[in-house]
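Below: the structure, in structure tokens.
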Amino acid sequence: MAKQKEIYTAFRTAFPSTVPILAGFLFLGIAYGIFMNTSGFNALYAILMSLLVFAGSMEFVAVNLMLGAFNPLGALLLTLMVNARHLFYGLSMLEKYRGTGLKKLYLIFGLCDESFSINLTAVIPQGVDKGWYMFFVTLLNHAYWVIGAAIGGIFGTMVQINMKGLEFVMTALFVVIFLEQWTKETSHTSSLLGIGLSVLSLILFGSAGFILPAMISILLVLALLKKQLERTGDLKCQ
């Protein structure tokens with residue numbers, strides 16, 4: 001009974017943090033399901049891809065891969081390039097995922113941009129199990145994407161929706177997450193470093209290739225300044 005209460009408390013605490021993701025994932029998932037449908041795949045493909053692959057933008061790219069010639073090596077390299085940022089997400093979450101038991105397996109599988117942002121910056125209330133909290137954040141975000149893809153795949157042929165500009169939903173979502181993190185910081189050093197290094201990488205490498213250099217430089221700088229940022233409250237390890 002106590003265990004069930006602990007799990008329910010973690011779910012109840014995690015759910016409000018994922019509501020903004022619900023709005024973004026539901027609409028983008030519907031767009032993905034419709035895209036799969038119009039590309040000649042039935043709803044089952046959209047549901048299974050979103051459930052078992054759960055790779056966001058790579059799922060859109062995978063549609064063209066499935067329609068093209070069989071090239072597993074090309075698909076592997078393309079997937080690594082599109083989702084290479086998750087290497088840095090994984091390194092950042094090593095300490096966070098410590099002590100979560102078997103839940104760690106699903107936390108690794110379900111790691112996405114949005115779950116990473118929430119779990120990394122979450123201030124988990126006293127009395128709420130950290131492992132279950134992060135598990136439910138990940139599970140709920142995964143579920144939103146699957147539900148959206150299922151709706152789009154099943155009802156895609158019945159509706160005609162202009163999806164132009166819908167991808168900006170996720171950009172707006174990350175702006176909101178950034179602003180929330182900004183309000184939690186004391187000196188804003190880590191946020192300003194992230195902005196500065198990203199802009200510098202954009203100038204040096206251009207819009208097509210700045211993401212990986214930006215993430216590498218941010219990871220290295222934050223690692224070097226970890227102790228200082230923890231003292232100022234800009235980097236909290238829980």
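Here the structure is a predicted model, which means the values were calculated and not measured.
With sequence neighbours left out, His142 forms a side chain to side chain donor-acceptor pair (under 3.5 Å) with Tyr106. Take Phe11 and apply the ring-ring contact (aromatic ring centres under 6.0 Å, His included) test, not counting sequence neighbours, and it matches Phe136. Not counting sequence neighbours, Pro16 has no partner by the side chain to side chain contact (heavy atoms under 4.5 Å, CB included) test. Considering only residues two or more places apart in sequence or on other chains, Tyr144 meets the side chain to side chain donor-acceptor pair (under 3.5 Å) condition with Thr18. Residues forming a salt bridge (Lys or Arg N to Asp or Glu O under 4.0 Å) with Lys5 (at least two apart in sequence, or on another chain): none. Listed by chain and residue number, nothing satisfies the salt bridge (Lys or Arg N to Asp or Glu O under 4.0 Å) test with Arg12 (two or more places apart in sequence, or in another chain). Listed by chain and number, the residues in a side chain to side chain contact (heavy atoms under 4.5 Å, CB included) with Leu52 are Leu48 (sequence neighbours excluded). Every side chain to side chain donor-acceptor pair (under 3.5 Å) that Ser17 has, sequence neighbours left out, goes to Tyr133. With sequence neighbours excluded, the residues satisfying side chain to side chain donor-acceptor pair (under 3.5 Å) with Asn141 are Ser115.
Chaining together hydrophobic side chains whose heavy atoms lie under 4.5 Å apart places Leu105 alongside Leu102. The hydrophobic cluster around Tyr8 extends to none of the other residues, as no ILVMFWY side-chain heavy atom falls under 4.5 Å of it.
No continuous path of hydrophobic side-chain contacts links Leu51 to Phe60 [ILVMFWY only; heavy atoms under 4.5 Å]. Both Met36 and Leu67 belong to a single network of hydrophobic side chains, linked directly or stepwise wherever heavy atoms of I, L, V, M, F, W or Y lie under 4.5 Å apart. The hydrophobic clustering, which links ILVMFWY residues whose side-chain heavy atoms are closer than 4.5 Å, places Val19 and Val137 together. Both Leu28 and Phe116 belong to a common hydrophobic cluster when Ile, Leu, Val, Met, Phe, Trp and Tyr are linked at side-chain heavy-atom distances under 4.5 angstrom. Linking ILVMFWY side-chain heavy atoms closer than 4.5 Å, directly or via other members, places Leu44 and Val53 in two distinct hydrophobic clusters.
Between Leu111 and Leu107 there is no side-chain heavy-atom pair separated by less than 4.5 Å.
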Please table the atom pairs, donor to acceptor, closer than 3.5 Å between any side-chain atom in residues 197-209 and protein atoms at least two apart or in another chain.
| residue | atom | partner | partner atom | Å |
| --- | --- | --- | --- | --- |
| Ser198 | OG | Gly194 | O | 2.7 |
| Ser201 | OG | Leu197 | O | 2.9 |
| Ser201 | OG | Ala214 | N | 3.4 |

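Put simply, CG on Asn71 and CG on Leu73 are 6.5 Å apart, with the number rounded to the nearest 0.5 Å. Expressed to the nearest 0.5 Å, how far CD1 of Ile47 lies from CD1 of Ile151 amounts to 10.0 Å. The CG atom of Asn119 sits 5.5 Å away from the OH atom of Tyr97 when rounded to the nearest 0.5 Å. Atom CD1 of Ile154 sits about 11.0 Å away from atom CD1 of Ile30, to the nearest 0.5 Å. Asp129 contributes atom CG, which lies 11.5 Å from atom CZ of Phe135 (distance to the nearest 0.5 angstrom). In this structure, CG on Leu139 lies 12.5 Å from CZ on Phe15, to the nearest 0.5 angstrom.
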>> Set out, in order, the CA-CA distance, both residues' side-chain angles and the distance that settles side-chain contact (heavy atoms from CB on, under 4.5 Å) for Asp113 and Tyr89, then state yes or no.
In response: CA-CA 8 Å; Asp113 299 351; Tyr89 291 172; 2.9 Å; yes
> Do Met58 and Leu65 pass the side-chain contact (heavy atoms from CB on, under 4.5 Å) test, and can you show the C-alpha distance, the side-chain angles, and the key distance before you say yes or no?
Replying inline: CA-CA 10 Å; Met58 190 58 213; Leu65 291 177; 3.6 Å; yes
>> Phe41 vs Met49, test: side-chain contact (heavy atoms from CB on, under 4.5 Å). Steps then yes/no.
In response: CA-CA 11 Å; Phe41 298 97; Met49 285 284 287; over 6 Å; no
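Other residues, nucleotides and ligands contribute at most 12 non-hydrogen atoms within 6.0 Å of the OH atom of Tyr45.
The aromatic rings of Tyr32 and Trp145 sit parallel to each other, their planes meeting at less than 30°, with 60° as the upper class boundary.
Closest heavy-atom contact between Asn37 and Gly153: ND2-O, 3.0 Å. Annotation for Leu140 and Ala14: closest pair CD1-C, 4.5 Å, computed over non-hydrogen atoms. Here the shortest heavy-atom pairing between Gly110 and Phe54 reads O-CE2, 3.4 Å.
The main-chain N or O of Lys96 is found under 3.5 Å from a side-chain atom of Lys130 such that the two form a donor-acceptor pair.
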